There are 2 protein chains.
Amino acid sequence: MLHNSASFCTSLSRQKTVTAICQAISGWIEQGELTHNDRLPAERVLSEQFTTTRITLREALGQLEAQGMIYREVRRGWFVSPPRIIYNPLQRSHFHAMAREQGRKPATEVLDAGEIVAPEVINAHLTLPSRSRVYCIRRIRRIDGRAVLYVEHYLNPEYFPAILHEDLTSSLTELYANTYGIRYGKVRFAMLPTTFPLAASRALKVADNSPALFITRINRDQYGRIIDCDLEYWRYDTLHIMVEAE
Amino acid sequence: MLHNSASFCTSLSRQKTVTAICQAISGWIEQGELTHNDRLPAERVLSEQFTTTRITLREALGQLEAQGMIYREVRRGWFVSPPRIIYNPLQRSHFHAMAREQGRKPATEVLDAGEIVAPEVINAHLTLPSRSRVYCIRRIRRIDGRAVLYVEHYLNPEYFPAILHEDLTSSLTELYANTYGIRYGKVRFAMLPTTFPLAASRALKVADNSPALFITRINRDQYGRIIDCDLEYWRYDTLHIMVEAE
DNA sequence: TAGTGGTCTAGACCACAGG
DNA sequence: CTGTGGTCTAGACCACTAG
C-alpha cells in the first residue's frame with residue numbers, strides 16, 4: 001500500500017485505548033449529548049463501557065482535562081468545561097462586568113480579610129520596606145456557579161483607610177473609585193502555568209496539584225502610585241487571555 | 001522566584017506515597033544534587049527506591065511535571081527543568097535576542113516553508129479573503145539545546161516577495177527590517193493553556209497530549225498594516241510571561 | 001449508608017532509543 | 001541487543017459526598 005493516512009497515524013496506534021476513549025467522549029460533547037457543566041458517568045461505568053480498567057480510563061480523562069475539555073471537582077466527578085472567558089489583564093474592567101458582558105453569571109465570596117505582616121514577595125511588589133503591614137483580602141470567584149478563581153489581594157493600607165469595614169463581596173475597583181477616589185492606571189502583570197497552592201485547591205475544591213494559571217497583577221492608580229497587587233490562581237481551562245498593545 | 005516551592009505540606013493522609021516522592025525529588029533539585037537538564041534515574045529504579053509501583057511513581061512525576069519542576073522527552077526519560085525564560089509578547093525583541101539577554105543559547109530549525117492556501121482561521125487573523133494564498137514557515141526553536149517552541153508563521157505574501165528564498169533560520173524580525181524595510185508596530189496576542197497538536201508534539205519530541213501554552217500573535221508594521229501572524233506552541237514550563245502596560 | 005473518586009499494588013507486554 | 005518509557009490489566013482499600 002502506498003502513502004495513506006495510516007502511516008500518518010503510527011504514533012496513534014500507541015495508546016489505542018486511551019485515544020479511542022478520548023475521541024468517544026469528545027464526540028459526545030461536540031454532538032451536544034453532553035453540554036456545559038454536565039456530569040460524566042461514573043468512572044466505573046465508563047471503564048466498563050469501554051471495556052478497560054479505571055487506570056486507563058483515568059488516563060484518558062486526564063488528557064481531556066489537559067485539553068480543557070472537561071474538569072473535575074474533587075470526589076464529585078467529571079464535568080464538561082464551559083466556554084472560556086476572554087480576559088484582558090491590562091484592562092481595568094472588573095470581574096463582574098467582564099463576566100456579564102460575556103453573558104455569564106459572576107459571584108464573589110470573601111474567605112477572609114485582615115491586616116497582616118506582608119510576605120517579602122509582596123513588599124517587593126508594592127515597593128514597601130521589610131515587615132510592612134498590609135491589608136490582605138482572600139476571595140474566590142465563580143462563573144455560572146463554578147469556582148474558577150482564587151485570589152489574594154494585598155493593599156497598601158496608606159491609601160485605603162478602614163476599607164476592611166466595607167462590603168468586600170462587590171468590586172474592589174468600584175470601591176476604590178467611589179470611596180477613595182482612586183482609579184486604576186498602569187498595570188503590570190506576570191503569568192505562568194503551574195499548579196494550585198494548597199490554600200487555593202482547598203478553597204476551589206479542585207484536586208491538589210491540579211494545573212493552574214498563576215497571574216500576578218501590580219496595579220497603579222491615576223497618579224502612578226502602586227496601590228495594590230493581586231495573586232490570582234485560575235482554573236486551567238477558564239481563560240482565554242487576549243491583549244492588544246496600545 | 002517561583003512562589004510555588006515544594007514546601008507545601010500536603011493534606012493529611014491522602015496521597016501519602018506520592019507526596020513523599022514529590023518532596024524527596026524536589027529536595028534533590030533544590031539542594032543541587034540534580035541540576036538543570038539532568039536526567040532522573042529510571043522509573044523502575046525510582047519506584048524500587050521508594051518501594052512503590054511504577055504507576056504510583058509516575059503519578060508523582062506527573063505532578064512535578066505539572067508544577068514545571070521536571071519535564072520529559074518521549075521514551076528518553078525525565079529531566080530537571082531549567083529556569084523559565086521571561087517573555088513579553090508585546091515586545092518586538094526577537095527570540096534569539098531574548099534568549100541571549102537572559103544568558104541562554106538559542107537555536108532555530110526550519111521544518112519547512114512554502115506557499116499554501118490559508119486555513120480560514122489564518123485569513124481571519126490577517127483580514128484576507130477566503131482561499132487566499134499565504135507563506136507558511138514552520139520552525140522549532142531551542143534553548144540550551146532543548147526544543148521548547150513549535151511555531152507556524154503565516155505571512156501576507158504581498159509584503160514579502162521572494163522571502164522563501166532567504167535564509168529562514170535567522171530572525172524574521174531582522175529579515176523584515178533589513179530586506180523589506182518593515183518593522184513591527186502594534187501587536188495583538190491571545191494565549192491559552194491547552195495541549196500540543198500532533199505536528200508540534202512530534203517536532204518537539206514531547207509526549208502526545210502534553211500540556212502546552214498556545215500563543216497567537218497578530219503583528220502589524222509601522223504603518224498599522226497586518227503583516228503576519230504566528231501560532232506558537234510552547235512547552236508548558238518554559239515561560240514566565242511579563243507584560244507592562246503603556 | 002451507598003456510591004463516588006483518590007490512591008495504591010504487582011505484575012505484564014510493546015515500541016523505541018542508544019550502545 | 002538491552003534498557004527505557006508507554007501502555008495496560010485486574011484487582012483492592014480508603015475518604016469523602018450526597019441522599
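Heavy atoms only: backbone and side chains are in, while hydrogens, waters and symmetry mates are out. Nothing here was measured: the structure is a model prediction, and the numbers come from that model. Letters A, B, ... mirror the listed sequences (proteins, then strands); counts begin at 1.
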> Can you identify which nucleotide, out of C:dG6, D:dT9, D:dG5, has its nearest atom closest to the B:Glu43 side chain?
D:dG5
> Nearest whole Å is fine: how far is C:dT7 P from A:Arg72 CZ?
8 Å
> Could you tell me how far apart B:Leu61 (CG) and D:dG6 (P) are, to the nearest whole angstrom?
10 Å
> Can you see which heavy atom on B:Ile163 is nearest to which on B:Leu168, and at what distance?
O-CD2, 3.8 Å
> Looking at C:dG5, C:dC8, D:dT4, which one has an atom nearest to any side-chain atom of B:Arg39?
D:dT4
> Nearest of D:dT4, C:dG6, D:dT17 to any side-chain atom of A:Arg54?
C:dG6
> Assess the pair B:Phe214 and B:Trp234: is the distance between their ring centroids shorter than 6.0 Å?
no
> Please confirm whether B:Arg146 makes a cation-pi placement over B:Tyr71, using NZ or CZ under 6.0 Å from the six-membered ring centre and within 45° of the ring normal.
yes
> Return the 5'-most residue of the pair B:Pro41, B:Ile55 with respect to DNA chain D, ranking by each residue's nearest nucleotide.
B:Pro41
> Tell me the interatomic distance from B:Phe79, atom CZ, to D:dT4, atom P, rounded to whole angstroms.
13 Å
> State whether the side chain of A:Arg84 and the backbone N or O of A:Leu239 hold a donor-acceptor pair below 3.5 Å, judged by distance alone.
yes
> Please check: side-chain N/O of B:Ser210 versus main-chain N/O of B:Val206, any donor-acceptor pairing under 3.5 Å?
no
> Please give the nucleotide sitting opposite D:dG19 as a Watson-Crick or G-U wobble pair, both distances under 3.5 Å, or none.
none
> Can you figure out which of D:dA10, C:dG5, D:dG6 approaches the side chain of B:Arg58 most closely?
D:dG6
> Output yes when at least one side-chain N/O atom of B:Thr17 is less than 4.0 Å from OP1 or OP2 of C:dC8, else no.
yes
> Between A:Thr52 and D:dT9, is there a contact of a side-chain N or O with OP1 or OP2 at under 4.0 Å?
yes
> Would you indicate, yes or no, if D:dG11 has its OP1 or OP2 atom less than 4.0 angstrom from a side-chain nitrogen or oxygen of A:Thr53?
no
> Looking at D:dG5, C:dC8, D:dA18, which one has an atom nearest to any side-chain atom of B:Arg75?
D:dG5
> What is the separation between atom CD1 on A:Ile21 and atom P on D:dT7, rounded to the nearest whole Å?
12 Å
> How close or far is atom P of D:dT4 from atom CZ of B:Arg44, stated in whole angstroms?
7 Å
> Rounded to whole angstroms, how far apart are CG on A:Leu46 and P on C:dT4?
11 Å
> Rounded to whole angstrom units, what separation is found between the CD atom of B:Glu48 and the P atom of C:dG11?
12 Å
> Roughly how many Å is it from NZ in B:Lys16 to C1' in C:dG6, rounded to a whole number?
14 Å
